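Structure record follows, encoded as structure tokens.
Naming: A, B, ... by sequence-line order, numbering from 1 per chain. Given the structure is predicted, the values throughout are model-derived calculations rather than measurements.
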Amino acid sequence: EPEVTQTPSHQVTQMGQEVILRCVPISNHLYFYWYRQILGQKVEFLVSFYNNEISEKSEIFDDQFSVERPDGSNFTLKIRSTKLEDSAMYFCASSEDPRGYEQYFGPGTRLTVT
Amino acid sequence: QQQVKQSPQSLIVQKGGISIINCAYENTAFDYFPWYQQFPGKGPALLIAIRPDVSEKKEGRFTISFNKSAKQFSLHIMDSQPGDSATYFCAASNTDKLIFGTGTRLQVFP
């Protein structure tokens, strides 16, 4: 069964450093998403992406965040200058539906900022 | 208006029992209501979803009941099993972003 994959599973970084989280969406999906989940809290939407453009972003997704589809398979989330409060699980999701129905999530990357 | 309220926060059910988790929303523009199951250290897994044109959807032991006038929807897990022990999130959307509830931690004891 096709699945969304994410690397790394755990990333530890120092405050102020840049990190890139990588995702490989399901191959025939065209709609991509990033969500985050602070420990013990609900899952929060960050950004949606289609056709090399951001479709929608939340207020969390400020100028320190960016997304990119550098090739035909990867989808990345870059955090330019990490803060302690960026520590969270980051989930990538993908869908084949333009309305965002049936979003399939990856296993997540745990980001720890020290 | 964009919030989805979920209850209870935690639920303990005996094996074979029925687990019921409730969600309520305010935004009448929401048109898609999925439920996700999440095991510790894993990503949310899509369990079942409903559109507001039907009042109930059943898949195996999992049923969504939807009350459009009350702006509420619920997940029923029949014949609950220890393997169902996980955190369950309801969500809603009317664009492509999912708005999640706060989650319910379900524990099913043998």
_Of A:E85, A:M15, A:K83, the residue whose pairing with A:V113 passes side chain to side chain contact (heavy atoms under 4.5 Å, CB included)_ =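 Answer after filtering A:E85, A:M15, A:K83: A:M15.
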
*asked:* Starting from A:Y104, can I reach A:L30 by hopping between I/L/V/M/F/W/Y residues whose side chains sit under 4.5 Å apart?
replied: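 Looking at the clustering, A:Y104 is in the same group as A:L30.
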
*Treat each ILVMFWY residue as a node, draw an edge where side-chain heavy atoms are under 4.5 Å apart, and state whether A:F61 and A:F32 are in one component.*
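Yes; tracing contacts between hydrophobic side chains, which count when under 4.5 Å, links both residues.
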
Would you mind checking which part of [X] comes under 4.5 Å of any heavy atom in chain B, side chain (CB onward), backbone (N, CA, C, O), both or neither?
X      : result
A:F91  : side chain
A:E102 : both
A:Y35  : side chain
A:Q41  : backbone

*Give the ring-plane orientation class for B:F30 versus B:F33, where under 30° counts as parallel, over 60° as perpendicular and anything between as tilted.*
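Rings of B:F30 and B:F33: perpendicular, over 60°.
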
*Which class fits the ring pair B:W35 and B:F73: parallel under 30°, tilted 30 to 60°, perpendicular over 60°?*
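B:W35 and B:F73: perpendicular rings.
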
For the [atom1] atom of [X] and the [atom2] atom of [Y], what is their distance to the nearest 0.5 Å?
X     : Y     : atom1 : atom2 : result
A:T82 : A:Q14 : OG1   : CD    : 9.0 Å
B:K5  : B:Q72 : NZ    : CD    : 11.5 Å
A:S55 : A:Y50 : OG    : OH    : 9.0 Å

*Minimum heavy-atom separation for A:G100 to A:Y33, with atom names?*
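Here A:G100 and A:Y33 meet closest at CA-OH, 3.3 Å.
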
*Please confirm whether the backbone N or O of A:L46 pairs with a side-chain atom of A:R36, one donor and one acceptor, at under 3.5 Å?*
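No: the side chain of A:R36 does not pair with the backbone of A:L46.
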
_Verdict with supporting geometry, B:D31 and A:Y101, side chain to side chain contact (heavy atoms under 4.5 Å, CB included)_ = CA-CA 10 Å; B:D31 64 357; A:Y101 298 161; 3.5 Å; yes

*asked:* List the residues meeting salt bridge (Lys or Arg N to Asp or Glu O under 4.0 Å) with A:K78, not counting sequence neighbours, and say none if there are none.
replied: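 With neighbours one apart ignored, the set is empty.
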
So do [Y] and [X] actually touch side chain to side chain, heavy atoms under 4.5 Å?
X     : Y     : result
A:F65 : A:V47 : no
A:W34 : A:F49 : no
B:Y32 : A:R99 : no

By number, which residues in [range] have some heavy atom less than 4.5 Å away from chain A?
range                      : answer
residues 38-66 of chain B  : B:Q38, B:G41, B:K42, B:G43, B:P44, B:L46, B:R51
residues 92-110 of chain B : B:T95, B:D96, B:K97, B:L98, B:F100, B:G101, B:T102
residues 7-23 of chain B   : none

